[in-house]
Protein chains: 2
Amino acid sequence: MTLDKNSQYHHGDVPSALMSAALIRIKQDGVEKLSLRALARDIGVSQTAPYRHFKDKTRLLVSLARAGFAKLAMEQQAAAHHKLCLDNLIAVGVAYVEFAMNHPEQYKLMFGSKIENRCQHPDLMESSMASFQVVLNQAVIGVESGLLVDKDPHYLAKCCWANVHGIASLLIDGFYDNLDIEFKDFLTQQITFNIRGILKEPALIKV
Amino acid sequence: MTLDKNSQYHHGDVPSALMSAALIRIKQDGVEKLSLRALARDIGVSQTAPYRHFKDKTRLLVSLARAGFAKLAMEQQAAAHHKLCLDNLIAVGVAYVEFAMNHPEQYKLMFGSKIENRCQHPDLMESSMASFQVVLNQAVIGVESGLLVDKDPHYLAKCCWANVHGIASLLIDGFYDNLDIEFKDFLTQQITFNIRGILKEPALIKV
DNA sequence: CTAGGATGTAATCAGTGTAAACATCCTTGT
DNA sequence: ACAAGGATGTTTACACTGATTACATCCTAG
């Protein structure tokens with residue numbers, strides 16, 4: 001099939017139109033309220049048309065989540081541009097939380113349980129690994145260079161991941177309010193605490 | 001009103017019957033699939049009866065979440081029975097994650113976004129603070145005794161919270177699989193990494 | 001012992017996910 | 001060039017759901 005932009009085949013590109021509409025809707029009303037029928041109305045198509053392109057609602061959500069994972073990994077990778085591994089670890093963490101703050105609903109979709117039984121969607125699981133891979137790379141470098149504690153980099157990377165994921169989730173759900181310092185300072189401080197814990201020489205970081 | 005167990009007033013105690021039925025259902029099918037009508041059928045009551053006791057579905061979820069928060073705080077408090085503050089910090093974290101693993105669906109309800117706009121439920125927000133308070137207490141002791149870094153205990157407690165919340169969430173959603181060491185060892189290791197980061201003398205913990 | 005609030009019900013509305021049957025379009029093989 | 005057939009879209013329908021309304025019943029307080 002070769003459909004270019006001039007094709008008049010009914011609509012043009014229902015799948016991506018649905019995805020765009022969905023991103024707008026979740027930003028506005030939250031993931032919980034997303035409805036296939038409303039999306040269909042948005043893009044001017046019958047309420048069963050989406051089923052020609054997505055097996056069910058879950059598959060549409062999976063697509064949205066995968067796009068989110070890809071974007072997240074890209075932003076993390078872009079943040080890891082420093083010379084020092086330590087700086088990279090912090091920057092990658094900050095980028096992670098900032099992504100979550102900028103796209104809270106998509107983030108919820110990626111990590112929340114709106115997509116039931118994510119194990120049944122191997123493509124989704126694979127996409128979600130891209131973000132972890134960025135952290136893991138830095139962890140490997142950190143261990144090899146002697147910056148980090150001499151442990152399996154997987155464990156160290158997971159420690160970092162859990163930390164930023166916890167911060168992001170709690171922030172999104174409003175459990176981190178009432179702070180009296182600048183947000184970015186706070187964020188960096190929190191992440192630094194955590195990374196200090198996996199340093200071979202924690203004295204490197206003055207707190 | 002004074003309803004004892006012998007009361008024959010239609011049903012007896014619809015609210016708590018609903019809560020029990022709900023806990024069973026979410027354990028079985030997950031929070032996402034919980035339906036008021038199904039609950040009403042479960043306890044043998046008309047589908048609108050629940051609305052006499054809960055303003056809407058959200059209020060029932062709030063009750064479930066509050067019960068969860070109370071239980072979580074209790075288990076954490078029970079875990080903080082060591083003499084050394086350091087041991088308590090670790091134990092409280094382990095208890096937190098273990099609660100999440102034992103009641104994953106209730107945990108999702110407590111922290112996920114199934115309850116929309118939790119800020120509009122002050123009672124819920126208040127309940128959720130009980131768990132944090134346990135950690136905060138230990139953080140205060142830790143700072144005063146010179147064990148922890150000399151920072152506002154709130155920041156240190158939040159650091160601990162974010163860490164265990166991240167671990168719990170990722171575990172529940174299956175992002176922490178494929179580990180080749182014993183679970184409890186892994187968990188303790190991860191939490192210890194984090195706490196090491198807020199120690200005044202990280203050398204205290206040999207990793 | 002009666003008024004009135006608390007509790008329960010039936011009937012109904014609007015919204016959802018999804019399946020089945022049918023219509024139409026576009027590409028592709030001959 | 002044109003028929004075949006798959007891809008795409010629609011209509012209709014079913015089985016759910018949360019929630020509101022009007023009404024019936026129960027229990028208790030004055």
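In what follows, chains carry the letters A, B, and so on, assigned in the order in which the sequence lines appear, proteins first and then strands, with residues in each chain numbered from 1. Side chains are part of it too, since the values below use all heavy atoms of this structure and drop only hydrogens, waters and symmetry mates.
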For this session: With heavy atoms under 4.0 Å as the rule, sort B/S35 into base, sugar-phosphate or nothing.
Result: sugar-phosphate
For this session: Find the distance B/L34:CG to D/dT17:P and express it as a whole number of Å.
Result: 10 Å
Exercise. So, is A/H53 close to the D/dG9 phosphate, meaning a side-chain N or O under 4.0 Å from OP1 or OP2?
Worked result: yes
Exercise. Is it true that the side chains of B/H121 and B/R59 contain a donor and an acceptor less than 3.5 Å apart?
Worked result: yes
Problem set entry | Nearest-angstrom distance from the residue atom CG of A/L61 to C1' of C/dG17 | 12 Å
Exercise. What nucleotide among D/dA19, D/dT10, D/dT12 has an atom nearest to a side-chain atom of A/Q47?
Worked result: D/dT12
Exercise. Any donor-acceptor pair under 3.5 Å between the side chain of B/R37 and the base of D/dG18?
Worked result: yes
Exercise. D/dT17 P sits how many Å from B/L36 CG, rounded?
Worked result: 10 Å
Exercise. OP1 or OP2 of D/dT25 sitting under 4.0 Å from any side-chain N/O of B/R52?
Worked result: no
For this session: Could you tell me the separation between the CG atom of B/L39 and the P atom of D/dA19, rounded to a whole number of Å?
Result: 13 Å
For this session: Using a cut-off of strictly less than 4.0 Å, decide whether B/T48 has a side-chain nitrogen or oxygen near OP1 or OP2 of D/dT21.
Result: no
Exercise. ring-ring contact (aromatic ring centres under 6.0 Å, His included) between A/F186 and A/Y176: does it pass, once the steps are laid out?
Worked result: CA-CA 11 Å; A/F186 166 72; A/Y176 254 58; 5.5 Å; yes
For this session: Please say whether the positively charged group of A/K71, taken as NZ for Lys or CZ for Arg, lies over the ring of A/F99, i.e. under 6.0 angstrom from the six-membered ring centre and within 45 degrees of the axis.
Result: no
Exercise. Would you call the rings of B/F111 and B/H165 parallel, tilted or perpendicular if under 30° counts as parallel and over 60° as perpendicular?
Worked result: tilted
For this session: Please work out if A/L60 contacts a base, only the sugar-phosphate, or nothing of the nucleic acid, heavy-atom cut-off 4.0 Å.
Result: nothing
Problem set entry | Listed nucleotide nearest any side-chain atom of B/Y51, set D/dG9, D/dG18, C/dG17 | D/dG18
Problem set entry | Greater than 12 external heavy atoms within 6.0 Å of A/H53's NE2 | yes
Exercise. For B/R25 and D/dT17, what is the distance between atoms CZ and P respectively, to the nearest whole Å?
Worked result: 9 Å
For this session: Let me know, please, whether A/T58 or B/A49 comes out on the 5' side of the other along DNA chain C by nearest nucleotide.
Result: B/A49
Problem set entry | Closest to the A/R41 side chain, choosing from C/dT12, D/dT8, C/dT16 | C/dT16
For this session: Give the rounded distance in Å between these two atoms: CZ of A/R59 and C1' of C/dT18.
Result: 17 Å
Problem set entry | Gap between atoms NZ and P, on A/K33 and D/dG18 respectively (whole Å) | 13 Å
For this session: Starting at atom CZ of B/F54, determine the distance to atom P of D/dT20, rounded to an integer number of angstrom.
Result: 16 Å
